[in-house]
Amino acid sequence: MSDSTSRPSAAGASGGEVRRKEAVGESGEGTRGWVPRGMSTGDILTKEEAEAIAKKALSFADPSGETIVNVSLANSQNTRMAINRITTQRDASLGSVSVTTRLNGRIAQGITQRFDDEGLMQAVKWAEDSAREGPGGRQEMGRLIQPRDYPVPPGLWSEATREVDIPDRIHKAVEALERAKGYVTAGTLDLSVNSMLVANSAGLVAYCRSTTGTVQLAARTGDNTGSGWAGKAIYDFTDLDTVAVAEKATDKAERSRDPSAVEPARYTVILEPDAYAPMIQLMMQYHMGLGEAQRGFSVFADPEGGTKVGKQVFDERLSFVSDPMDPDAPFCPFNGAGVPFDRTYWVQDGILRNLSFGDATAIERGLEYPLANPISVRIQAKEGTPLLTLEEMIETCERGIYVTRLTTGFADFRRLVFTGVTRDGTWLVERGRITRPIKNMRYVDSHMYFLNNLEAIGEPVLAAAGGFMIPPVRSRDFNFTAIADAV
Amino acid sequence: MTWSRRDFLRTGSAFAAAGIVGFDAALLADPYEAARRYRPFRPLLQDPDVRAIAGAALDAAKAAGARYADVRIASGTTRTTIVVDRQVSTQAIEGQLNFGVRVLVDGAWGFASSTIVTEEEAARVAQLAVRQSSLNPWGKTRTLELAPAPVVPDGQWETPIDLDPWNYTIQDQLELQLEANEAIMQVGETKALAGVRAYSWFEFAKADVVFASSEGSYIAQRFHNFGNIYAADAISEDRMLFGSSSPESFKTGGYGWEAIDGVPFAADAEQAVDDAIMMMNAKEPDVGRYDLVLDSSAVSAAFNTTIVQALEFDRVLGYEMHAGGTSYLAPPEEVLGQFSFNNPKLNVRATGSAPRAGGMYKWDVEGVAPADYQLIREGVLVDYFTTREFAPQLEWWYRRNGMPVESRGTAGSQASALIQVVAPSIAIMDPGEEDVTVEEMIAETEDGIYIHRGGFASVDPPMLNMQFTGGDMAHEIRDGRLGEPLNRPSFLSSTPDFWRSMDMIGGAGSFAYSGGGTFKGDPFQQIGRTVGAPAARFREVNVFTYGRR
């Protein structure tokens, strides 16, 4: 953590060192309603601080109901780059308390950004009024999560990231900009330090803190014909190598200069992980629910009726697994209601194994917990599958297209078909080597197809936006529909 | 406009003390009772304590060396209800209370925000923002002079609505939705389908935002907005085909309760189910070149994505190269007054005032009133969406043409906790002078497709190449008449070619406002704004379909 520990006393610049752990509100003698006395600002909540807020909210709740309180406070840092400058920055402290009430056979929510008593009372009242007076049939209440322990995922928290101050991140951004001199660059460096606590009226208290970050950089050649991009997600600030990211982006820009067109058609593609990570994210976000699939509204609905659970949906070499203890992509081990995220295979050896469900289904199945979807997922190859590097995929490719990045929009939401264009580095591969940069092309395709036309797979890496471990792949018959002649 | 009746009754004169309130000891002694007697969200429009917090931020920024500073303090409530089929799936009331401080130090911006709204925190956050800019060695390589703007020392404005939604309860809202969904379910269940789904999402939002600047502006605005989705979905008996239809029963935008009050949604529901089934069974279009008639909502979708967003000056300069994208309307010195869509029918202007438009404001997030002005005149680019930061860069063009060198009042942000970016005000594509109707355009089309009820335009980063996919509905046009329904036809075009091919434009009768907005920034922001457009016809466009493999 050389950057942080060797940090000069940067605070001098503005006169007043306003650093962490500096309590405010002392003058108020407890009469000022906005901040609980003694709470620090500019930092996340400790378990004790968060628990005090949650307990306070629970104390305001109607004891005849069941209540879940979720307290969170995140500190985000952003340094934004464009046209070779740092154009804007942001330091944000974002707090939120969500109160979910189960009362009178109904569920309702009240949310506030205030941590003071009045704000908490208000959130409780909003939720309880709604539940108490609400129309409509009774809802599935589910069971409160009983007090329990959760594992602490290794690597999810980094003191180094928490300690990052403005000069540290500026230094990292400047390093990238300097490395990319001579190119037109734009990008972002984001860091977030998060704290979250769930408590309920059954006595559950679950706390999780995490640190995340990403750097992403696009670079163009001065003649505006070549464009490259690279990104990297981190948990620990000391892993943030912005120079390497800038090198990769500028190298791609240089090599994609003066592209020429190829005929739009179906091609074998070599996809970098970040090219299709957004597709995986959209699938995890919108299509993993059991109910929707049963009723025919998701991509995992079976035309024969029911769902595709138990059927092959991807190449048999592929598994999709979510695990908060994933050493490369850990995440908090419970959701906003305290439902544990245990290691879950959604897809195993190409076969759909699980779709997420709520507590009604869990009770029906005699299970202790609902199956919650953390969105984060790792795509991994079956043991024994040879894992190829991107270079090896190129070397063993007779003819194909190498794709750095795709824009991604829905062409057909229910069938999970996407459309967009290639960008920031697209090349033709012939007889085992990259022969020339090609003009961008529009595609209409889906990982539901190309992860079934798999020729080769690589080692998964953390996607630049974080949260997903995605391997590079080589697939047949990717559907390019038109030239998109612009950089 | 009065604050809600319910709020007023409960709080009385407590408003005056709303900023920082002492605790009622009796309430604290009995928190359970206290929770029963909550206060409404703080109205900021007249709040002396909010003025003090704003002042604390500005003072701290100036003391720390900022040449310019502004602060936005926001207090809002959002009431969201979702009903799926006959089941309430979400009922939530969310309160927002936060602020953001933007500072300019030696030509470099700084920005910081917090959800703890106190004078102390305002000072801390302002100092943090100043530190960012003072420590930024790569922010000052330019001179940044803000375009002058009139000081508004006491601005007040509120979105005009008829019926305050906060006089109605979340229960009133849910009852209406349950009825509306029931109407769809009842019709749907009489049809031969594997599944029918009724989905409704209603959201009333109220936000008070105070803007204060080191130049002396102090502006309080109260924004009302209603958003909704109301849809019928149908799945064919063999579960292979899917159709969806969203009736436009409920209005979206600057509305209060009147958006949903007394709406005869039952008749719409029946039509929606029939439409969904019709689209479910609709055939694929044959690939080929067609003349396309687009209704106002479909034109708006293409207009917003390929023209309105391309006119945002930060994109034009490359500020959004990594995030929202660049623009084909660049560089300014080569395209202003020179780039032409080669179509005199294409006239684009912006306005700050469009009744009921979503996202309307009297002053933007820099305290500047939005201008009524022309951006594209008879197909030729003449201006951009700008802010105080960017307007001076167009001085050469403005001076040459006798136009004011000032912001067009089109700064926006998704929330006060996010920094200001360029965001169009209400963008309007002018209807034709003659009152041409959609029916007349169809009657004059031999072999074509009518695309109506929205659509989705996917563009490449510079917005130069588009693929448009039809929205809820499309029909063949054969010899001047509507034919068979078509399943979501798509077409490909370059943006300039597409707008050049527009040979008929609807009159005022075909003009309507639809959802628009912009998507940009790191961190990412979505800023919703209405756009307005007439129906229009486009000649010889390449239509295809993805097919169903």
Side-chain angles (χ1 to χ4, degrees), chain A residues 13-16 18 24 31-35 41 59-60 78 80 82-83 85-95 108-114 121-122 124-126 130 133-136 166-167 170 174 177 186-188 218 295-296 303 409 411 414 417 419 421 423 442 444 482 484 486, chain B residues 20-23 31 34-35 38 64 88 91-98 109-118 120-121 124 127-128 130-132 134-136 138-139 141 170-171 174-175 178 194-195 235 239-240 242 318-319 321-322 417 419 458 460-462 464-465 467 492 522-523 546:
Chain A
S14 69
V18 185
V24 298
T31 59
R32 296 200 155 190
W34 299 89
V35 190
T41 57
S59 78
F60 296 148
N78 164 260
R80 191 174 191 207
I83 35 181
R85 292 198 299 263
I86 294 172
T87 50
T88 57
Q89 300 191 65
R90 177 174 185 253
D91 282 82
S93 171
L94 179 70
Q109 238 183 338
I111 304 161
T112 182
Q113 294 187 318
R114 295 168 55 178
M121 282 179 202
Q122 188 172 61
V124 169
K125 177 77 173 159
W126 278 335
S130 304
E133 299 160 22
I166 295 167
I170 288 180
V174 166
L177 290 171
T188 186
R295 302 182 53 218
R414 180 171 167 264
V417 179
T419 186
V421 295
R423 64 184 296 191
R442 177 161 291 281
V444 177
Chain B
I20 295 166
V21 198
F23 275 134
Y38 77 108
V88 175
Q91 47 175 325
I93 300 178
E94 177 169 4
Q96 299 97 27
L97 186 66
N98 55 65
W109 287 117
F111 181 84
S113 62
S114 176
T115 48
I116 294 168
V117 186
T118 62
E120 293 88 342
E121 181 76 344
R124 182 189 76 87
Q127 285 162 358
L128 204 53
V130 171
R131 275 187 70 217
Q132 291 170 3
S134 355
L135 293 167
N136 177 2
W138 284 57
T141 52
I170 197 165
Q171 288 78 36
L174 278 168
E175 271 163 24
L178 284 161
I235 298 271
R239 289 171 55 113
M240 295 300 285
F242 172 77
Y319 281 66
M321 191 178 102
H322 176 259
I419 196 166
S458 161
D460 60 355
L464 195 54
N465 295 285
Q467 173 179 311
L492 281 164
D522 289 308
Y546 333 121

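So you know, we letter chains A, B, ... as the sequences are listed, proteins then strands, and number each from 1.
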Look up atom CD1 in Ile170(B) and atom CD in Gln109(A), then write down how far apart they are to the nearest 0.5 Å. 10.0 Å

Distance, nearest 0.5 Å, that separates OG1 of Thr419(A) from CG of Leu492(B): 8.0 Å

Residue selection (most heavy-atom pairs with chain A, distance under 4.5 Å) from Gln132(B), Met321(B), Glu175(B): Gln132(B)

When Ala218(A), Ala82(A), Pro303(A) are compared by non-hydrogen pairs under 4.5 Å with chain B, the top option: Pro303(A)

Taking all atoms of both residues into account, what is the closest heavy-atom pair of Ser93(A) and Arg124(B), and its distance? CB-NH2, 4.2 Å

Verify side-chain contact (heavy atoms from CB on, under 4.5 Å) between Asp91(A) and Arg131(B), making sure each step is shown before the conclusion. CA-CA 11 Å; Asp91(A) 282 82; Arg131(B) 275 187 70 217; over 6 Å; no

Between Gln113(A) (side chain) and Leu97(B) (backbone), is there a donor-acceptor pair under 3.5 Å? yes

If one checks every heavy atom of Arg80(A) against chain B at 4.5 Å, the contacting part turns out to be side chain

Contact winner vs chain B - Gly409(A), Gly95(A), Ala482(A), heavy-atom pairs under 4.5 Å: Gly95(A)

Ser113(B): side-chain contact (heavy atoms from CB on, under 4.5 Å) partners, not counting sequence neighbours: Arg90(A), Ala92(A), Phe111(B), Ala417(B)

Among Gly110(B), Gly318(B), Ser458(B), which residue has the highest count of heavy-atom pairs closer than 4.5 Å to chain A? Ser458(B)

Please state whether the side chain, the backbone, both or neither of Ile419(B) comes within less than 4.5 Å of a heavy atom of chain A. side chain

CG on Asn136(B) to OG1 on Thr87(A), rounded to 0.5 Å: 9.0 Å

Spatial distance of atom CD1 (Ile116(B)) from atom CZ (Arg114(A)) [nearest 0.5 Å]: 12.0 Å

Would you please name every residue forming a side-chain contact (heavy atoms from CB on, under 4.5 Å) with Ala486(A), sequence neighbours left out? Asp460(B), Pro462(B), Leu464(B), Asn465(B)

Segment of Leu177(A) engaging chain B (4.5 angstrom heavy-atom cut-off): both

To the nearest 0.5 Å, tell me how far Leu135(B) CG sits from Ile166(A) CD1. 6.0 Å

State the CD1-CZ distance between Ile235(B) and Arg414(A), to the nearest 0.5 angstrom. 4.0 Å

